[in-house]
J.: 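Shown below is the structure under consideration.
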Amino acid sequence: MLSKGFDSVVFEARSGVGGVWIKTVETTKLQSPKPLYQFSDFPWPFSVTEDFPTQHQVFDYIQSYAQHFDLIKHIRFNTKPFHGEGKWKIVIQDNLNNSTEVHKADFVILCMGRFIDVPNIPEFPPKKGPKAFRGEVIHYGLRAMDYQSAANFVKGKQVTVFSELLVHKPGQGFLLALLATMLSPLRWGFSKFVESDIKKKHRLAKYGMVPKLSFLEEISILVDGGDTEVTTMPLKTDLVILATRYRGIIGAGISGLLACKYMLSKGFDPVVFEARNGIGGVWTKTIETTKLQTPKPLYQFSDFPWPSSVTEDFPTQNQVFDYIQSYAQHFDLIKHIRFNTKVVGIEYEGLSEGEIQSWSLWNDNGQPVSDEGKWKVVVENMENNSTEVHQVDFVILCVGRFSDVPNIPEFPPKKGPEAFRGEVIHSMDYAAMDYQSAANFVKRKQVTVVGFQKYSLDIAMECSAANGLKNPCRVLYKSEHWNVPDYHPWGVPLAFLYLNRFSELLVHKPGQGFLLTLLATMLSPLRWGFSKFVESDIKKKHRLAKYGIVPKHSFLQEISSCMIATVPEKFYDKVEEGSIILKKSQSFSFWEEGILVDGGDTEANTPLKTNLVILATGFRGDKKLKDIFVSQTFQDFIAGSPAETLPLYREIIHPQIPQVAVIGFSESVSNLYTLEMRCRWLAELLDGTFKLPSIKEMENDMAEWDRYMKQYSGKYYRRSCIGALHIWYNDQLCKDMGWNPKRKNGFFAELFEPYGPLDYVPVPSTSN
């Protein structure tokens, strides 16, 4: 109307534009493919990549259209026409103040929609309608509720939901009618072609749900069920609902976001419980100088590259956090996350622990979910201190291992922090401060940092910057480490030495055959040479011999334990000038004015004065994982033996804990890269692409990986690191999913080129 110069006024009873798209049920998506559902002069934004956009995306698209063409100013919101007289007079009721207005128009266009406001209620025989029912009967008004109210409304109830051609066209001539008749076999063939695809993808025959109508008849029917005679049978129920594939994800760090994204890609309905008020996990808050430890090309989502504005090889904490935020927004994950909801425990309901322990297959039938068992997730709302109970059919634990539960050393009686007149904090308390508060906290203090991994080195640098030579920062450590200055030893990219298939030929791998075992043994001198090559570069650049901190173990053990850290720039210059002091000790304790350092078997304990001790001693990820289970039996299962690695098949599934997956406990050189592969594997498992082997076979496989980790990781085997075998590990996942594990083009590229996230693109090859 505006394009033709008419002066239009739009009366809208609601407070906004959008019609039926203003409020739907949470899982609603567009039913028509996106190319068929768009304005001819206003395309969908590039950010909407789905073929069937969500309700929010459709609503935003409609809003954008209205704003782009400046239509809002022509709309009278909250004005409801309740009757019209003659041709031109429109009587409306203002919903906000209950007043009545009369408008005159020279033409009326009715755009009231047919799928809203006036429900179609079936007719029932006498005394057999809703009044005969003691339960509740509602129309599709669930969509009028907010999402949480709708979920609570149906919870715990038995719910029932009642749920145009190579054709003859109205008004067609003789020739078109004859043509449609002649082409009827092709019409039948088109219908059967589509039906076969639907039957396969939805497994309709398995559930006895193959329709009697053809697909052509189905697409020709809108509402009317016709005159077909239906045989009725009683169904006991107290409400009516759609069955959703509900997955509970605990944690909205990187692993939780990836799990949510890949669950959505398979049509599941995930809900993410996050105790904090935002996403990002460990990247939500770090110390000021923290940077990414892994080179950027190895630490990225396979289908969401870093923005071109990030040019650094090792982005800062803020850049990493922004990247994660952008990923979540791009894939519309935020709406699936319930912030400020802390999961205090999960409990399995439906089967006894004795029954579970008698299984020979995971979940008894090898399937990821069961009708007999559900998980009760008890959640504490951090905003109002209320408690909620949710029931889910599968739990994905993405709780992380580097947060929340600090690893505090044990001390002799009366020689712990209580004996000390100064302050003792953990590194997570330091990281929780804002940057200025952290700088002021350490200023003018004698600071001792305990630990020799990344956090301790970063904190020591910040203390050195705050206090200089006047109050040197002491770093107390137990073991030396091959912390790297960069990822180019002697100018050679480290990835060519440890992140390609050739490097993995030098290692004895779990489950390998005799020939690969023989080859790894024969190539052991080369394996030793690679390690010495890297060690010599680190020793030279960091001047380790000068400071007496040359590690006794090999670099191969360091990378196989996922213990390597990038040393902050100029760290050893600070050691040289004396503003950072390194002190080795196997143990320490406290006294009134500082710490007592273990002198070993030949020397007395040395008292060192200090007034602030920062424990950069890591976290108890195993305890955090264990404590989330209510059942003591499941706690014991997940913890396993302290003499073995954490008992997880493919580092994801515990064979004796049903309907649970763990994402993010086992480490690698690039955790994001590995987490994404695991989430893809889990999504395919839950979607029925493959089944798990028997519990016995899974336990045998876990025992092989346990032996490998003890051989190559030494005393750090409980870290479950796959750092030196990430290609071999990914090969197992690919084979399970039916993917081709070889991702390179050509023999030499496959053997010598490093592997990274972009080698595992979202749409994999299916060749063998």
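Heads up: numbering here begins at 1 and tracks the sequence. Please read all numbers here as calculations on a predicted model, not as lab measurements.
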J.: Listed by chain and number, what are the salt bridge (Lys or Arg N to Asp or Glu O under 4.0 Å) partners of K200, not counting sequence neighbours?
T.: none
J.: With E388, which residues qualify under salt bridge (Lys or Arg N to Asp or Glu O under 4.0 Å), at least two apart?
T.: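 In terms of salt bridge (Lys or Arg N to Asp or Glu O under 4.0 Å), with neighbours along the sequence ignored, E388 is linked to R338.
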J.: Who are the salt bridge (Lys or Arg N to Asp or Glu O under 4.0 Å) partners of E349, not counting sequence neighbours?
T.: K376
J.: Determine which pairs satisfy salt bridge (Lys or Arg N to Asp or Glu O under 4.0 Å) with at least one residue from residues 37-55, sequence neighbours left out, and list them in order.
T.: none
J.: Tell me whether the guanidinium CZ or amine NZ of K261 lies under 6.0 angstrom from the six-membered ring centre of F331 and within 45° of its axis.
T.: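 The answer is yes; both the distance and angle limits are met.
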J.: Restricting to side-chain contact (heavy atoms from CB on, under 4.5 Å), what partner residues turn up for L36, sequence neighbours left out?
T.: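 L36 satisfies side-chain contact (heavy atoms from CB on, under 4.5 Å) with P33 once adjacent residues are dropped.
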J.: Using salt bridge (Lys or Arg N to Asp or Glu O under 4.0 Å) as the criterion, list what pairs up with D322, not counting sequence neighbours.
T.: none
J.: Once side-chain contact (heavy atoms from CB on, under 4.5 Å) is applied, do any residues pair with D70, and if so which ones, sequence neighbours excluded?
T.: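 Result, side-chain contact (heavy atoms from CB on, under 4.5 Å) vs D70: K73.
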J.: For A275, which residues count as a side-chain contact (heavy atoms from CB on, under 4.5 Å) partner, sequence neighbours excluded?
T.: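 In terms of side-chain contact (heavy atoms from CB on, under 4.5 Å), with neighbours along the sequence ignored, A275 is linked to K342.
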J.: I'd like to check the side-chain contact (heavy atoms from CB on, under 4.5 Å) partners of S196; sequence neighbours left out, ordered by chain and number.
T.: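 Result, side-chain contact (heavy atoms from CB on, under 4.5 Å) vs S196: none returned.
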J.: Using the test side chain to side chain donor-acceptor pair (under 3.5 Å), find all partners of E274 that sit at least two apart in sequence or belong to another chain.
T.: none
J.: For W283, give me all partners under side chain to side chain donor-acceptor pair (under 3.5 Å), at least two apart in sequence or on another chain.
T.: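 Only Y299 meet the side chain to side chain donor-acceptor pair (under 3.5 Å) criterion with W283.
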J.: Hey, are S302 and R680 close enough side-chain-wise for a donor-acceptor pair under 3.5 Å?
T.: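 Side chains of R680 and S302: pair found under 3.5 Å.
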J.: Under the rule for ring-ring contact (aromatic ring centres under 6.0 Å, His included), what residues qualify as partners of Y61, not counting sequence neighbours?
T.: F39, F42, W44
